[in-house]
Undergrad: 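Quick one: the structure is below, questions incoming.
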There are 2 protein chains.
Amino acid sequence: MPPLAETAGLLADRTRAAFCQALLDGRAWTAGELARHAGVRPSTASEQLTRLIEGGLLTEERQGRHRYVRLAGPEAAALIEALASYASYSSSPRSLRQSVRLSAEAKARTCYDHLAGQLGVALADAMIARGLVADDSGLAVTPAGRTWLADALGYRHPAGTRRPLVRSCLDWTERRPHLAGALGAALCATALARQWVRRVGSGRAVKVTPVGGEAFRELLGVRF
Amino acid sequence: MPPLAETAGLLADRTRAAFCQALLDGRAWTAGELARHAGVRPSTASEQLTRLIEGGLLTEERQGRHRYVRLAGPEAAALIEALASYASYSSSPRSLRQSVRLSAEAKARTCYDHLAGQLGVALADAMIARGLVADDSGLAVTPAGRTWLADALGYRHPAGTRRPLVRSCLDWTERRPHLAGALGAALCATALARQWVRRVGSGRAVKVTPVGGEAFRELLGVRF
DNA sequence: GGGATGGTTCGGGCCGCGCCGAACTTTTCC
DNA sequence: GGAAAAGTTCGGCGCGGCCCGAACCATCCC
């Protein structure tokens, strides 16, 4: 079996796909949580998780009687994003898309380790409008952007890392790009740490707190 | 079945994956060519092609008794690239990788509508070194680059298109990025039109002609 | 220790699907 | 018109894999 087909096969199953999409929130889930989420028996979940781990898409971490599982890394997340984005791009009738836009996840959510949804797109737009990120056919952080990153988030990009500072990630609800890469991750981490956003429910949805609304307005002029 | 799993399923089969990877050369193939290429009977190829077309990954064009088939567009190509790149990234033992590097495809080939392989990476490096493309955490064409595009290739980027001028595409033989997007396509089209490279065999491999060697050296200082 | 909970292993059932060959249709060429 | 070639449709075969329940193991808590 050629490697492409094999990798695709990992994601070509209802249950495994549900696992991976849930794990796009970047957190570690237990096997049982994923089983309930996908609506299968624990035994089934256990087997499918093993396959995903052996396939290199997930990593596990055992803690006592729990088996925690998370995406193997940004590359794996990017692959799943790419597939999900293409799939929703090529399918999804209009009416469904409309109703999706009204959900909590569409307003604001995490996408692996960065922010997405209407919030994510608004933040991306704001950073481009303020000249912190340039969108000259491909995204790039400007010098002003680097300063802002250090001042507002306390983030300095280590030289020589493989991960790009900023990467565009197509938003499957908004159909517009938001910011991924190290910048996106730093922004999301800060937002969670300083309680600008709070997770709601067990999924990927987040909610902007009053403090967060203030912060986003002050730092980037985003009104949400 | 969730859309992600469905799309993945299209590529989760030996035969269909072989079709798609062959079609990454950007050309239109007949059903029979693909059948021989993948080592299946025409009847099988016919059925699988229908599935890929209904799934939106391919488009067809009938001409007489021939059924020509090609990738549906840059998005589809990008998806297949992403999967192929990840698959070879996560698998592929060292020895295999070594022998792959010596093949004709590794030296120079097309990747959907742009140039890849050692040639593609060399061209990308040269354009970055000459300041035509900036690699400041994300790729972007510089003003000098736009001038060069107009002068050397006669290409002017239409405003308001959805397709990015330049996009990074991870090379699965070199493990380094080469240039995709409209710029990559324009460069590849020019190279083929002006006989800088010539296709060899039925696959994606190309060969740099003497004229091409001259042109690449003159325009970008690339010695190949 | 004993009960409850999370997770795994194993056997078995079942459905899907990828493949082929044979028969058929359509187009091309002589 | 007739033969050859490209492609399609259909019936059928067989494998793979997805799922479950039952039994079992490991951990945690009282």
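A, B, ... follow the sequence lines: proteins, then strands. Residue 1 opens every chain.
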Undergrad: Of all of residues 41-49 of chain A, which get a heavy atom below 4.0 angstrom from DNA chain C, listed by number?
TA: A:Pro42, A:Ser43, A:Ser46, A:Glu47
Undergrad: Going 5' to 3' along DNA chain D, between which two nucleotides do contacts with chain A fall, using a heavy-atom cut-off of 4.0 Å?
TA: D:dG17 to D:dC28
Undergrad: Hey, are B:Glu174 and B:Lys107 close enough for a salt bridge, meaning a charged N less than 4.0 Å from a carboxylate O?
TA: no
Undergrad: Got a sec? Which of residues 64-72 of chain A come in under 4.0 Å of DNA chain D, heavy atoms?
TA: A:Gly64, A:Arg65
Undergrad: Any pair with a residue in residues 33-52 of chain B that passes salt bridge (charged side-chain N to carboxylate O under 4.0 Å, His left out), sequence neighbours left out, goes on the list, sorted by first then second residue, please.
TA: none
Undergrad: According to the side-chain hydrogen bond (donor to acceptor under 3.5 Å, both in side chains) rule, which pairs have a member within residues 11-23 of chain A, sequence neighbours left out?
TA: A:Arg16-A:Gln48
Undergrad: With sequence neighbours excluded, tell me which residues meet side-chain contact (heavy atoms from CB on, under 4.5 Å) with A:Ala12.
TA: B:Ala8, B:Ala12
Undergrad: Would A:Phe216 and A:Trp196 count as a close aromatic pair, with their ring centres under 6.0 Å?
TA: yes
Undergrad: Let's see if you get this right: which residues in residues 9-16 of chain A place a heavy atom under 4.0 Å from DNA chain D?
TA: A:Asp13, A:Thr15, A:Arg16
Undergrad: I'd like to know if A:Arg70 pairs up with A:Asp113 as an ion pair, taking the criterion as any Lys NZ or Arg NE/NH1/NH2 lying under 4.0 Å from an Asp or Glu carboxylate oxygen.
TA: no
Undergrad: How would you list all residue pairs meeting salt bridge (charged side-chain N to carboxylate O under 4.0 Å, His left out) that involve residues 176-190 of chain B, not counting sequence neighbours?
TA: B:Asp125-B:Arg176
Undergrad: If the condition is side-chain contact (heavy atoms from CB on, under 4.5 Å), which residues does B:Ala189 pass it with, not counting sequence neighbours?
TA: none
Undergrad: Here's a test of your reading of the structure: between A:Val40 and B:Thr50, which maps to the more 5' nucleotide of DNA chain D?
TA: B:Thr50
Undergrad: Between A:Arg109 and A:Thr173, do the side chains contain a donor N or O and an acceptor N or O under 3.5 Å apart?
TA: yes
Undergrad: For the backbone of A:Val40 and the side chain of A:Thr44, can you confirm whether one donor and one acceptor N or O come within less than 3.5 Å of each other?
TA: no
Undergrad: Find out whether A:Gln63 and A:Tyr68 are in side-chain contact, i.e. whether some heavy atom of one side chain is under 4.5 Å from a heavy atom of the other.
TA: yes
Undergrad: Between P on C:dT5 and CZ on A:Arg36, what's the gap in Å once rounded to a whole number?
TA: 12 Å
Undergrad: Under the side-chain hydrogen bond (donor to acceptor under 3.5 Å, both in side chains) rule, collect the residues that match up with A:Arg194, sequence neighbours excluded.
TA: none
Undergrad: Quantified as the angle between the terminal helix axes (five pairs each), what is the overall bend of the helix from C:dG1-D:dC30 to C:dC30-D:dG1 to 10 degrees?
TA: 30°
Undergrad: Among residues at least two apart in sequence or on other chains, which ones pass side-chain hydrogen bond (donor to acceptor under 3.5 Å, both in side chains) with B:His114?
TA: B:His178
Undergrad: Rounded to whole angstrom units, what separation is found between the CD atom of B:Glu54 and the P atom of C:dC17?
TA: 13 Å
Undergrad: Quick check for you: to the nearest 0.5 Å, what is the distance between B:Leu52 atom CG and B:Glu54 atom CD?
TA: 10.0 Å
Undergrad: Taking the side chain as every heavy atom from C-beta outward, state whether B:Leu58 and B:Leu49 have any atom pair closer than 4.5 Å.
TA: yes
Undergrad: Using a cut-off of strictly less than 4.0 Å, decide whether A:Arg62 has a side-chain nitrogen or oxygen near OP1 or OP2 of C:dG7.
TA: no
